[in-house]
Every structure is written in C-alpha cells, then in structure tokens.
K.L.:
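Handing you a structure now.
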Amino acid sequence: MADSSSNLKSEAIIDLMKQHFSTDAGKELVKKIGLVYQFQIAPKKIGIDEVIYTVDLKKGEVTKGPYEGGKADATFSFKDEDFVKVALGKMNPQIAFMRGAMKIKGSLSAAQKFTPDIFPKPSKM
C-alpha cells in the first residue's frame with residue numbers, strides 16, 4: 001500500500017491544501033465549514049489500494065491516514081485521476097457523484113459543503 005501513495009497525482013494537491021489552510025483564505029474556510037472530511041483515493045479502482053487522507057476543517061489540518069478523532073463527517077472515495085479533476089475544477093463534484101466517479105459515506109449535508117473552494121487555486125500547478 002505504501003508504494004501506491006508515491007504514484008498518486010493527488011499527493012501534490014493534498015500538499016497544496018496543507019499550505020492553503022495556513023493562509024487567510026484557508027483560515028476563513030475552516031471557520032465557515034468546520035467539518036472533517038476523509039478522502040480515500042485509489043490509484044485505479046475505488047476500493048483497491050486506497051490511500052486515506054483526512055482534511056480536518058475544524059482545525060485546518062490535512063493528514064495522511066484515517067481520522068483519529070472519531071468519525072469523519074463525510075468520507076469520499078475517488079480514483080486518483082477523478083480526484084485531480086474535481087480538485088482542479090475540471091469536474092463538478094455533483095456530476096462526479098452521479099457518474100459514480102465519487103462515492104460518499106456519512107452525512108450528505110456535510111458532503112454538500114464539499115466544494116472546489118476547499119482546494120487552493122491551481123495557479124501553482
């Protein structure tokens with residue numbers, strides 16, 4: 001499992017998110033959303049060799065691994081390439097869900113607050 005994580009294109013976006021939450025714009029998001037999301041990102045097929053990341057919008061932290069503080073408000077499962085498309089604004093999250101490119105567990109109202117705003121703008125990519 002550790003091998004697949006280094007090949008994920010998503011890793012760069014996750015790293016940018018960490019930096020984004022330390023900016024003023026990122027801190028505003030933390031105040032506004034206040035939820036914990038877990039992303040399960042698979043190299044090729046959802047459910048196989050997934051790498052788990054926790055995006056804690058209560059604390060403004062992004063960590064690798066499952067959420068330690070109980071249960072995430074919403075968990076999203078993606079293939080790596082689909083996560084990148086959603087993060088870069090090339091695929092609408094609702095359309096991704098309807099096409100089966102994104103699976104959601106947990107609170108749907110929490111999931112609806114998951115918007116491309118939580119991702120840093122792709123100017124550095």
Side-chain angles (χ1 to χ4, degrees):
M1 183 161 150
D3 295 345
S4 63
S5 69
S6 58
N7 301 330
L8 293 178
K9 295 181 190 102
S10 310
E11 191 97 21
I13 293 168
I14 298 287
D15 288 341
L16 284 174
M17 285 175 82
K18 289 177 189 174
Q19 295 164 21
H20 182 53
F21 293 140
S22 64
T23 67
D24 291 341
K27 288 176 183 155
E28 280 301 309
L29 278 171
V30 171
K31 277 188 220 160
K32 188 173 104 178
I33 298 177
L35 297 166
V36 177
Y37 294 122
Q38 189 167 288
F39 295 110
Q40 298 178 179
I41 302 172
K44 299 266 183 264
K45 188 170 187 224
I46 291 176
I48 298 173
D49 293 334
E50 291 178 327
V51 179
I52 299 171
Y53 298 96
T54 299
V55 178
D56 187 335
L57 290 173
K58 290 180 179 170
K59 297 180 189 167
E61 295 175 347
V62 180
T63 54
K64 193 169 188 175
Y67 182 49
E68 305 269 322
K71 207 171 163 195
D73 294 295
T75 299
F76 299 91
S77 298
F78 288 96
K79 282 191 323 198
D80 186 39
E81 65 187 63
D82 292 329
F83 177 82
V84 171
K85 286 178 190 168
V86 169
L88 297 179
K90 293 182 178 166
M91 187 189 293
N92 178 304
Q94 286 85 2
I95 291 171
F97 177 70
M98 288 188 285
R99 288 185 181 160
M102 172 174 80
K103 295 191 179 351
I104 302 171
K105 287 186 198 134
S107 162
L108 281 179
S109 64
Q112 286 171 334
K113 292 182 182 176
F114 167 70
T115 64
D117 298 347
I118 72 166
F119 298 108
K121 298 296 159 260
S123 61
K124 296 182 181 95
M125 300 176 87

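The analysis underlying the following values was restricted to heavy atoms, covering all of them including side chains, and did not include hydrogens, waters or symmetry mates. Throughout, residue positions are numbered sequentially from 1 according to the sequence presented.
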K.L.:
Quick one: does Glu50's side chain have a donor or acceptor within less than 3.5 Å of a partner on Gly47's backbone?
P.N.:
yes
K.L.:
Locate the shortest heavy-atom distance separating Phe21 from Gly60; write the atom from each residue and the value.
P.N.:
CB-O, 3.5 Å
K.L.:
For the residue pair Thr54 and Gly65, what are the closest heavy atoms and their distance?
P.N.:
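Looking at all heavy atoms of both residues, the closest pair is OG1-O, 2.7 Å.
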K.L.:
Indicate, with yes or no, if Val36 and Phe76 share a hydrophobic cluster defined by side-chain heavy-atom contacts under 4.5 Å among Ile, Leu, Val, Met, Phe, Trp and Tyr.
P.N.:
no
K.L.:
Looking at NZ of Lys90 and CD of Glu81, how far apart are the two atoms once the value is rounded to the nearest 0.5 Å?
P.N.:
12.0 Å
K.L.:
Measure across Ala101 and Ile46 and return the closest heavy-atom pair with its distance rounded to 0.1 Å.
P.N.:
O-CD1, 3.9 Å
K.L.:
Is there a side chain to side chain contact (heavy atoms under 4.5 Å, CB included) between Ile104 and Gln112 once you walk through the steps?
P.N.:
CA-CA 10 Å; Ile104 302 171; Gln112 286 171 334; over 6 Å; no
K.L.:
Run the salt bridge (charged side-chain N to carboxylate O under 4.0 Å, His left out) test against Lys18 and tell me which residues pass, sequence neighbours left out.
P.N.:
Asp15
K.L.:
Walk me through whether Lys113 and Leu57 qualify under side chain to side chain contact (heavy atoms under 4.5 Å, CB included).
P.N.:
CA-CA 11 Å; Lys113 292 182 182 176; Leu57 290 173; over 6 Å; no
K.L.:
To the nearest 0.5 Å, what is the distance between CE (Met91) and CZ (Arg99)?
P.N.:
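Reported to 0.5 Å precision, the distance equals 5.5 Å.
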K.L.:
Mind listing the closest non-hydrogen atom pair of Ala25 and His20 along with its distance?
P.N.:
CB-CE1, 4.3 Å
K.L.:
Give the C-alpha distance, both sets of side-chain angles, the deciding distance and a yes or no for side chain to side chain contact (heavy atoms under 4.5 Å, CB included) between Lys105 and Lys71.
P.N.:
CA-CA 11 Å; Lys105 287 186 198 134; Lys71 207 171 163 195; over 6 Å; no
K.L.:
With side chain to side chain donor-acceptor pair (under 3.5 Å) as the criterion, how do Ser10 and Asp80 come out once you've worked through the C-alpha distance, each side chain's angles and the decisive distance to 0.1 Å?
P.N.:
CA-CA 6 Å; Ser10 310; Asp80 186 39; 2.2 Å; yes
K.L.:
Apply the test side chain to side chain contact (heavy atoms under 4.5 Å, CB included) to residues Leu8 and Tyr53: give CA-CA distance (whole Å), side-chain angles for both, the deciding distance (0.1 Å), then the verdict.
P.N.:
CA-CA 12 Å; Leu8 293 178; Tyr53 298 96; 4.3 Å; yes
K.L.:
Drop me the distance from Thr63's OG1 to Ile14's CD1, to the nearest 0.5 angstrom.
P.N.:
9.5 Å
K.L.:
Could you tell me the separation between the NZ atom of Lys58 and the CG atom of Leu35, rounded to the nearest 0.5 Å?
P.N.:
7.0 Å
K.L.:
Going from NZ on Lys32 to CD1 on Ile118, what distance comes out if it is rounded to the nearest 0.5 angstrom?
P.N.:
10.5 Å
K.L.:
Mind listing the closest non-hydrogen atom pair of Gln40 and Thr75 along with its distance?
P.N.:
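Closest approach of Gln40 to Thr75: OE1-CG2, 3.4 Å.
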K.L.:
Tell me whether Ile33 is reachable from Val86 by hopping between hydrophobic residues (I, L, V, M, F, W, Y) whose side-chain heavy atoms are closer than 4.5 Å.
P.N.:
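Cluster IDs for Val86 and Ile33 match.
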K.L.:
Could you check whether any side-chain N or O of Gln38 sits under 3.5 Å from a backbone N or O of Tyr67, counting only pairs where one atom can act as donor and the other as acceptor?
P.N.:
yes
K.L.:
List, by chain and number, the other hydrophobic cluster members for Met98, where Ile, Leu, Val, Met, Phe, Trp and Tyr join if side-chain heavy atoms come within less than 4.5 Å, directly or indirectly.
P.N.:
Ile95
K.L.:
Quick one: CD on Gln94 to CE on Met102, what's the gap to the nearest 0.5 Å?
P.N.:
7.0 Å
K.L.:
Mind telling me whether Phe114 and Tyr37 have parallel, tilted or perpendicular rings, with 30° and 60° as the class edges?
P.N.:
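Tyr37 and Phe114: perpendicular rings.
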K.L.:
Assigning hydrophobic clusters by single linkage (Ile, Leu, Val, Met, Phe, Trp, Tyr; side-chain heavy-atom cutoff under 4.5 Å), is Phe39 placed with Ile48?
P.N.:
no
